[in-house]
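Bear in mind the structure is a predicted one, so any value in this text is a computation, not a measurement. Each chain gets a letter, A, B and so on, in the order its sequence line appears, and its residues count up from 1.
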Amino acid sequence: MDDPFSLDDPEPGPVPEVLPPWLDALNPEQRLAVTTTEGPVLVLSGAGTGKTRVLTCRLAYLLATRPVRPWRILAVTFTNKAAREMRERAAALIGPDAEQVWLGTFHALGVRLLRRHGERVGLRPGFTILDTDDQVRLLKQIMEVENLDLKRWQPAVAMSLIQRWKDRGLCFDALPADAPGRDFAAGRLPDLYRQYQERLLVVNAVDFGDLLLHGLTLFTKHPDVLAEVGGQFQYILVDEYQDTNVAQYLWLRLLARAHGNLCCVGDDDQSIYSWRGAAVGNILRFEQDFPGATVVRLERNYRSTSTILAAASGLIGHNKARMGKDLRAADETRDPGAPITVWGVWDGAEEARRVVEEAEALQRAGEPLNSMAILVRVGFQTREFEERLIVSGTPYRVIGGPRFYERQEIRDALAYLRLAAQPDDSLAFERVVNTPRRGLGPTTIQILNRVARLERISLPEAARRVVETDELRPAARRSLRAFLEDLSRWRALADGLDPAALCGTILDESGYVDMWRADKAPDAEGRVENLKELVGALKEFDSLIGFLEHVSLVMDNEARAAEDALTLMTLHGAKGLEFDTVFLPGWEEELFPHRRALEENGVEGLEEERRLAYVGLTRARRRVFISFAGSRRVFADWRSCLPSRFLDELPPEVVETDTARGLVGSGAQGLSNAPGGWGRVGGPGTVSGEGGIRRPSPGWSAPPTRPTPASAFKAGDRVSHESFGLGTVREVSGDRLDIAFDTAGPRKVMAAFVTLAR
DNA sequence: GAGGAATTGATTTTT
DNA sequence: TCAATTCCTC
């Protein structure tokens, strides 16, 4: 991509006298946000109010009308995808000039900065960027060498705590006493953090947090770097400001200090990433931090029907910590639209069936599948829907599932490539040294790791030394030597060969592909295919380094939006998207709001869950279907569920319920606006205040006995009855069954009290 | 050290 | 449930 630091700085063209026509299409508030080009601007934007449009127009406006030189604008987005889209939209407005902007994520900017000044924080050229997997493995290594009890010191837990510190812009030597997890494992965590950081420098690597943290160190300890970068960008635009973490916030404050031309666009009601370090406080504090800021509120919603807006506003109104926006339909004369439909169903399977049936009905009525989405709280919820969609033959795509570059075989292959590019990549070395099997198991690795830690050298370097000694058994030594020779041969090849050919050669010579070809596991074939795809992807790059950087930053795979398909994704993944029809399944206590959100963060956690629900509702243009199940299978057994408290918080007048008989309250009484609301499933649930955890009352934990229609039985079926035991159906008449019970004799019973025996 | 069997234990959300 | 460890034998 473009390099913000290599200035090709021609004079800007003349300022056009006529304002661009696309400004006319904006409403007054949007226009104010676009054209206020002096000083800080905070755009408080509700859902569906044209936030991205405003940002894009502002970008185009700056380029088209201000005497701003190329490459003097920094636009920061939350994802690479958002950056791509914004560039395309801006190009549609002003043409190729849109290229002359530095547009990307904070992390991508961090990489550029470290490429340029990394040596000032102890990095060497060609440093690697670790992903979560590598980070945890590195930490695990340290713990092993330090003889820390791995049972209690779970590396992944320790790692997430360290990352949280980093998100808050905290270096290990500056941890305040109230840093989260500070007392974890008897205060050894700061110590671990220090060792981890030292080790990162030895292996010449950074993690995601470091991309920002090293940047802060550079800016604060090296004024010339700040002057260079801060002077570079005359205008800074930030999208999704509510999701910036503290480290990013500090970046912005430092970079915008000289001129204050900072424009942040965000919606405090859509802040859903606090668990990743995002601080809503950033947006609440904006006016204090940047005095004289112009604050623009965008409240005209162009997306949803007034019914959906009423539901969303009613829900989010239950949050206390918010700046308060009043979302209303841009066109109030428009049809208010269909009510929010709430389905109560017996279990997950029925929920999936119902959602898919509705989607198919809509499709038959002429709605494209592309305009519908199922938005779930947690990733694994997609499975039940996928199964159903496969059965019904409905095309669908899952967004945000296991990503291509995160697959095991791809990561292994990448590790080989990294070793070819960077001979001292310890993590890559450890990953593939015994894959395929070379007889270099845990014992050998342990020896190498010990040497590496003691000598403060990388793992491959340690291997090169150890192979010259007789520390290893002869077989292992021979094998390791052969592997090292392979590595240096590939490294030599790396200079001459193009990346795709190199990758093919390495995968071939290392025996890696053969390993999968010989594997008889059902998914082995697919893995070989994936490896081929990787080689294909490499063809688009002419340097290995460039490709590896692309992989570590751009982990999102291209969504193939070509065919008409139903979208299946998490609520988090849906941020910024919109659909005509949105299905929101799984609105049950403990799942949504998620139990852990409440346990860990109490009321704050609850409010974030509520914001997530708000995001879900406001994705819809025309129709929303919410559903909850009376019970769900969790692992092996059944668990009964209470409907989500969020259902109670929807204004009753915009909701239409359709709940299975006997599921909620008693029969037809089970309406959402009945006294006591949804909480009456199977008797009173216990509620321990706002932010507390609701649990079904004891006694409701029996497996569901879902009434089975009599038509599901036929003569000769073996069935089971709670009081009469096993029996054989003799005849079906109406909703009654004539059954010959093994012990209780012949009886006629209601079909609802009988289940099929196996 | 490899390979299969048995056991366990985990499920927010992700740049 | 299912994947990922650990255990157990060769």
How far, in whole Å, is B:dT13 from C:dA4 if one measures between their P atoms?
15 Å

From the candidates B:dT15, B:dT14, B:dT12, the one with an atom nearest any side-chain atom of A:Y273 is B:dT14

Nucleotide nearest A:T444 (side chain, heavy atoms from C-beta), chosen from B:dT12, B:dT14, B:dG1:
B:dG1

A:I399 CD1 - B:dT14 P separation (whole Å):
12 Å

Among B:dT12, B:dT15, B:dT13, the nucleotide that comes nearest once only the side chain of A:R596 is considered:
B:dT12

Between B:dT15, C:dC2, B:dT13, which one does the side chain of A:R383 approach most closely?
C:dC2

Heavy atoms from other residues, nucleotides or ligands near CD of A:E604 exceed 12 (cutoff 6.0 Å)
no

Describe the nucleic acid contact of A:H107 in one word from base, sugar-phosphate, nothing, applying a heavy-atom distance below 4.0 Å.
base

Taking only side-chain nitrogens and oxygens of A:N434, does any of them come within less than 4.0 Å of OP1 or OP2 of B:dA2?
yes

Could you label the plane-to-plane angle of the A:Y273 and A:W275 rings as parallel, tilted or perpendicular, counting under 30° as parallel and over 60° as perpendicular?
tilted

Measure from CZ on A:F106 to P on B:dT15 and round the result to the nearest Å.
15 Å

Against the side chain of A:T443, the closest entry in B:dT13, B:dG1, B:dT11 is B:dG1

For A:N601, which contact category applies under a 4.0 Å heavy-atom criterion: base, sugar-phosphate, or nothing?
nothing

Roughly how many Å is it from CZ in A:R632 to P in C:dT1, rounded to a whole number?
17 Å

Whole-Å P distance, B:dT11 and C:dT6:
15 Å

For atom CG of A:D243 and atom C1' of B:dT13, their distance in whole Å:
11 Å

To the nearest Å, give me how far apart CD (A:Q248) and P (B:dT14) are.
16 Å

Does NZ or CZ of A:R115 lie under 6.0 Å from the centre of the six-membered ring of A:F127, at an angle within 45° of the ring axis?
yes

N or O in side chain of A:R438 less than 4.0 angstrom from B:dG1 OP1/OP2:
no

Stacking between A:H572 and the base of B:dT13 (centre distance under 5.5 Å, interplanar angle under 30°)?
no

Could you tell me how the ring of A:W251 sits relative to the ring of A:F219: parallel (under 30°), tilted (30 to 60°) or perpendicular (over 60°)?
perpendicular

Less than 4.0 angstrom between a side-chain N/O of A:S274 and OP1 or OP2 of B:dT13, yes or no?
no

Of the nucleotides B:dT12, B:dT15, B:dT14, which one has an atom closest to the side chain of A:T105?
B:dT15

Could you measure the distance from the NE2 atom of A:H214 to the CG atom of A:L123? Nearest 0.5 Å is fine.
5.0 Å

Could you work out which one of B:dT14, B:dA2, B:dT11 sits closest to the side chain of A:W275?
B:dT14

